[in-house]
Amino acid sequence: MIEIVNWKKKGLPEQADGCKNEMKLEFRAVSDNEAFARTAVAAFVTQLNPTLEEISDIKTAVSEAVTNAIIHGYEGEDSAENRVLVHCIIRNDVLEVEISDSGVGIENIEKAMEPLFTTKPELDRSGMGFSFMEAFMDDLEVFSEIGQGTTVHMVKKLGITPWIGDVE
């Protein structure tokens, strides 16, 4: 399922919350779809005219989050019911990306976010997924509930405009 809403092209007023554009993807939780997800998000953000470095950062972070959902959220189990959701919102020059699964959840988010921590060393997992997401995005939040799944919310400011306006 792919749903893209472009407010300006539809002639609709910009949403009150500053949303200029939005995209939602849902796909089966299989490793082959990781490349699709990062490419789709990279294509979506091109409307902001990002640098190659910004695109690379976003693709890396999305890749890590989707891979975590597939490998850890669903424990690598290939089932037609296992889905990954990607939701992107553009607000002015800021990209927000949420990647969600409805898998096993994370017991201890703080521990899971420690560099080099992995629950899957037998799969040659480095334990650097969250570290890469933090390094390449401007903000990262992780929400999880055991047996209900995990949502990774990432924010990336594009361009050279400062986050905070000039102080008088």
Side-chain angles (χ1 to χ4, degrees), residues 1-6 17 19 21-47 50 53-91 94-158:
M1 173 181 96
I2 298 174
E3 176 184 343
I4 299 176
V5 179
N6 187 326
D17 64 357
C19 177
N21 204 351
E22 181 177 20
M23 172 184 75
K24 294 180 183 180
L25 303 174
E26 178 180 322
F27 50 87
R28 192 168 171 175
V30 294
S31 293
D32 290 341
N33 286 331
E34 174 272 326
F36 165 69
R38 70 186 153 125
T39 303
V41 174
F44 177 72
V45 79
T46 58
Q47 62 196 286
E53 183 179 355
E54 289 169 331
I55 291 225
S56 180
D57 291 352
I58 292 164
K59 287 172 70 175
T60 300
V62 168
S63 177
E64 293 294 335
V66 169
T67 298
N68 278 356
I70 294 166
I71 291 176
H72 299 288
Y74 296 115
E75 309 220 316
E77 179 187 313
D78 184 9
S79 170
E81 291 82 40
N82 294 348
R83 304 302 231 185
V84 175
L85 306 172
V86 177
H87 183 198
C88 298
I89 297 175
I90 291 176
R91 298 181 202 281
V94 176
L95 172 69
E96 293 183 43
V97 181
E98 265 191 9
I99 297 173
S100 304
D101 66 67
S102 55
V104 300
I106 300 172
E107 187 174 321
N108 184 336
I109 294 172
E110 191 174 306
K111 182 75 174 166
M113 292 182 75
E114 288 179 8
L116 303 177
F117 175 80
T118 182
T119 58
K120 304 272 186 232
E122 71 281 4
L123 297 178
D124 293 326
R125 305 304 304 160
S126 69
M128 294 298 291
F130 286 125
S131 296
F132 287 147
M133 288 179 239
E134 282 184 308
F136 292 118
M137 300 299 272
D138 295 316
D139 191 36
L140 170 70
E141 293 179 286
V142 180
F143 308 94
S144 191
E145 189 175 330
I146 299 298
Q148 301 298 308
T150 301
T151 297
V152 173
H153 182 260
M154 301 179 285
V155 177
K156 180 76 170 176
K157 170 96 168 65
L158 297 151

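A donor-acceptor contact shorter than 3.5 Å links the side chain of Ser144 to the backbone of Gly149. A donor-acceptor distance shorter than 3.5 angstrom exists from the side chain of Lys156 to the backbone of Phe136, with no hydrogens or angles considered. Using modelled atom types, one side-chain atom of Thr60 and one backbone atom of Ser56 make a donor-acceptor pair closer than 3.5 Å.
Two residues are said to be in side-chain contact when any heavy atoms from C-beta on lie closer than 4.5 Å; Phe36 and Val66 fail this criterion. Using a 4.5 Å cut-off on side-chain heavy atoms (C-beta onward), His72 and Asp101 make no contact. In this structure, the side chains of Ile58 and Val41 come closer than 4.5 Å at one or more pairs of heavy atoms.
Among residues two or more places apart in sequence or in another chain, the side-chain contact (heavy atoms from CB on, under 4.5 Å) test is passed with Ser79 by Glu77, Glu81, Asn82. In terms of the side chain to side chain donor-acceptor pair (under 3.5 Å) criterion, Glu98 has no residue partners (sequence neighbours excluded). In this structure Glu107 satisfies the side-chain contact (heavy atoms from CB on, under 4.5 Å) test together with Ile146, sequence neighbours excluded. For Arg83, the side-chain contact (heavy atoms from CB on, under 4.5 Å) partners two or more places apart in sequence, or in a different chain, are Glu26, Arg28. Contacts of Val104 classified as side-chain contact (heavy atoms from CB on, under 4.5 Å), with partners at least two apart in sequence or in another chain: Glu75.
Considering CD of Glu54 and CG of Leu158, their distance stands at 4.5 Å, rounded to 0.5 Å. Interatomic distance, CG of Asn21 versus SG of Cys88, reported as 9.5 Å (0.5 Å rounding). Note that the CE atom of Met133 and the NE2 atom of His153 stand 13.5 Å from one another [nearest 0.5 Å]. Remark: Phe44 CZ to Ile90 CD1 distance equals 4.0 Å, nearest 0.5 Å.
Scanning all heavy atoms of the two residues, the minimum distance from Ala37 to Phe27 falls at CB-CZ, 3.6 Å. Heavy atoms only, all atoms of each residue included: Ala29 and Ile70 are closest at O-CG2, 3.7 Å. Nearest heavy-atom pair across Ala61 and Met137 is CB-CG, 3.5 Å. The nearest pair of heavy atoms linking Thr46 to Ala42 is CG2-O, 3.2 Å. In terms of heavy atoms, Ala40 sits closest to Met23 at O-CE, 4.0 Å.
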Please evaluate residues Val152 and Asn68 with respect to the criterion side chain to side chain contact (heavy atoms under 4.5 Å, CB included), reporting the C-alpha separation (whole Å), side-chain torsions for both, the decisive distance (0.1 Å), and the verdict. CA-CA 10 Å; Val152 173; Asn68 278 356; over 6 Å; no

Is there a side chain to side chain contact (heavy atoms under 4.5 Å, CB included) between Ile106 and Val142 once you walk through the steps? CA-CA 9 Å; Ile106 300 172; Val142 180; 4.1 Å; yes

Step by step, would you call Met154 with Ile99 a side chain to side chain contact (heavy atoms under 4.5 Å, CB included)? CA-CA 9 Å; Met154 301 179 285; Ile99 297 173; 4.0 Å; yes

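Using a cut-off of 4.0 Å between Lys/Arg side-chain N and Asp/Glu carboxylate O, Arg91 and Glu96 are scored as salt-bridged.
Residues His87 and Glu22 have side chains that bring a donor and an acceptor to within less than 3.5 angstrom of each other.
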